[in-house]
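Shown next, in structure tokens, is the structure this report addresses.
Every number for a ligand or one of its atoms is a count from 1 in the order of the listing. As a basis for the values below, the full set of heavy atoms in this structure was taken, side chains included, without hydrogen atoms, waters or symmetry mates. Throughout, numbering of the chain's residues begins at 1 and tracks the sequence.
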Amino acid sequence: MVSAYAELEGRMRDRLGGRECLYVPSCRFGLYLALRHWCEPGGRVLMSPVNDDVIFFVVLAAGLRPVQAPLDPRDGSIDTAAVPESVWRGLSAVLTTNLYGNPDPAPELRAHCDRLGIPLIEDAAHAIGSTVGGRPVGTYGEASVFSLSKHTAAKTGGFLTLADPKLREELAAARDELLHPGRAVDELAYLARPYVEAALRGTRLVRPARAAVRLLRMEEREEIRMPLRADELRRALPAAPALAPFHSWIRVDMHAYRLRPGPGRLRRTTRRLARLDGVLAAHRAGTARLLASEYGTPGATAESAQPLFRVPLLVEDRDAAIAALARHRITTGYVYDPPLDSYAGEAFTDLSPAPEAAASFARHALPVDPRRADEVLGALRAAGARPARLSEAPGGAR
Ligand SMILES: Cc1ncc(COP(=O)(O)O)c(C=O)c1O
């Protein structure tokens, strides 16, 4: 029987030069599968502290201890040279983030992983069109994961991709065992969602509209970071590895993260993936304009004009900039502040050996949709937003 996922997987395989691709209902679910396959519970995983908290909880659910990496304050990528040898030696895997589409230094991380005999797992959720070292992000690791909720905006689905195609059957079986059956009501809610959103966008009744969005579980965070609920989390940890005890943290913003998809969901996702090249071209053009502005990353080069999912402009007063954009009805998402080590503390993670650069980046980064580059630049300039001066950042590195 031809798998219901075959067309989606074939399209993604073509993008990644023939790499084996397995459809998963969400990137977070694919990451859990990868961590469970490659990492013995109790191991330590190097990851970026400027990351979605959902990913932090996936690492905990896999029975692993997060180890927060030092970052480059210009783009939030992992600063490989600043990781002490004692930290490398204690790791059982490296997990990249490729924050907003800016690649982590995969060739260097690959070399470290080879030297240590540990797996590299790439989270390419934000980086579906990005390249590093002349290759697509997501082609360096034993495994990589992609989200179809980002550039493709399907709001469902993703891929687990594998360096070794012989592992396909085993990981497909692991996936199928963890999937929950999809219910007709979930499929209907998914299919109705764009129409509900369009209707809500047309109304100026902001508060009732937001309440309706929450009711439909389209959005559930009150703040940037979800509440950690440390006592509950401490009680859940001994049950790892398992998804169920961590469900309330991992499902945030996507309750269907482990549901078997219905045919309508797959058809819509396939249509959206087919249009990806056009979307990437628009992201690349907007990225180039934003990076060339006074708010762009200092020293950004042609190599950094990737089709970023969001462009992290660097502004002095990020919260004022968010408010200025909101006045133009431009909402800002994907802000990851504070870094995960400040958010969760030593009880739940190893702290970064050099946290200042990550804290500075997290405080000043304003993630902007590159397709709205001109509107955003106009609004920021009109509000008098000042570019961040990173040379004055606490790390003082640049
Ligand atoms: C860096 C990163 N990785 C993974 C994910 C999870 O993707 P999905 O929603 O497809 O599970 C997100 C979600 O925003 C993310 O920001």
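In this structure, the protein non-hydrogen atom closest to atom 9 (O) of ligand 1 is Arg28 NH2, 2.8 Å. Scanning the protein for heavy atoms near atom 5 (C) of ligand 1, the closest one is Ile55 CD1, 3.9 Å. The protein atom (non-hydrogen) at minimum distance from atom 16 (O) of ligand 1 is His126 NE2, 2.8 Å. The closest protein non-hydrogen atom to atom 3 (N) of ligand 1 is Asp123 OD2, 2.6 Å. Counting only heavy atoms of the protein, atom 12 (C) of ligand 1 lies nearest to Lys150 NZ, 3.6 Å. Nearest protein heavy-atom contact of atom 10 (O) of ligand 1 is Ser147 OG, 2.8 Å.
Although no hydrogens or angles enter the test, the distance criterion places a donor-acceptor pair under 3.5 Å between the side chain of Glu122 and the main chain of Gly138.
Side-chain atoms of Phe146 and Leu16, non-hydrogen and from C-beta on, do get closer than 4.5 Å to each other.
Salt bridge status for Asp277 with Arg15: present, with a side-chain N to carboxylate O gap under 4.0 Å. Salt-bridge formation is detected for the pair Arg110/Glu142: a Lys NZ or Arg NE/NH1/NH2 atom is positioned less than 4.0 Å from an Asp or Glu carboxylate oxygen.
Closest of all the heavy-atom pairs between Met254 and Ser26 is SD-CB, 3.5 Å.
Below 30°, between 30° and 60°, or above 60°: for Tyr336 and Tyr334 the angle between ring planes is above 60°, a perpendicular geometry. Using a 30° and 60° split on the angle between ring planes, His283 and His151 fall in the tilted class, from 30° to 60°.
For Phe29, the closest heavy-atom approach to ligand 1 does not fall below 4.0 Å.
Proximity of Tyr336 to ligand 1, defined as any heavy-atom pair under 4.0 Å, is confined to the side chain (atoms from C-beta onward).
In summary, the atoms of ligand 1 found under 4.0 Å from a heavy atom of Asn51, numbered by their order in the structure, are 1 (C). The contact set between ligand 1 and Cys27, taken as ligand atoms under 4.0 Å from a residue heavy atom, comprises 4 (C), 6 (C), 7 (O), 8 (P), 10 (O), 11 (O).
Where the criterion is an N or O separation shorter than 3.5 Å, residue side chain and backbone included, Asp52 meets it with respect to ligand 1.
Ring-centre distance between His247 and Tyr257: below the 6.0 Å cut-off.
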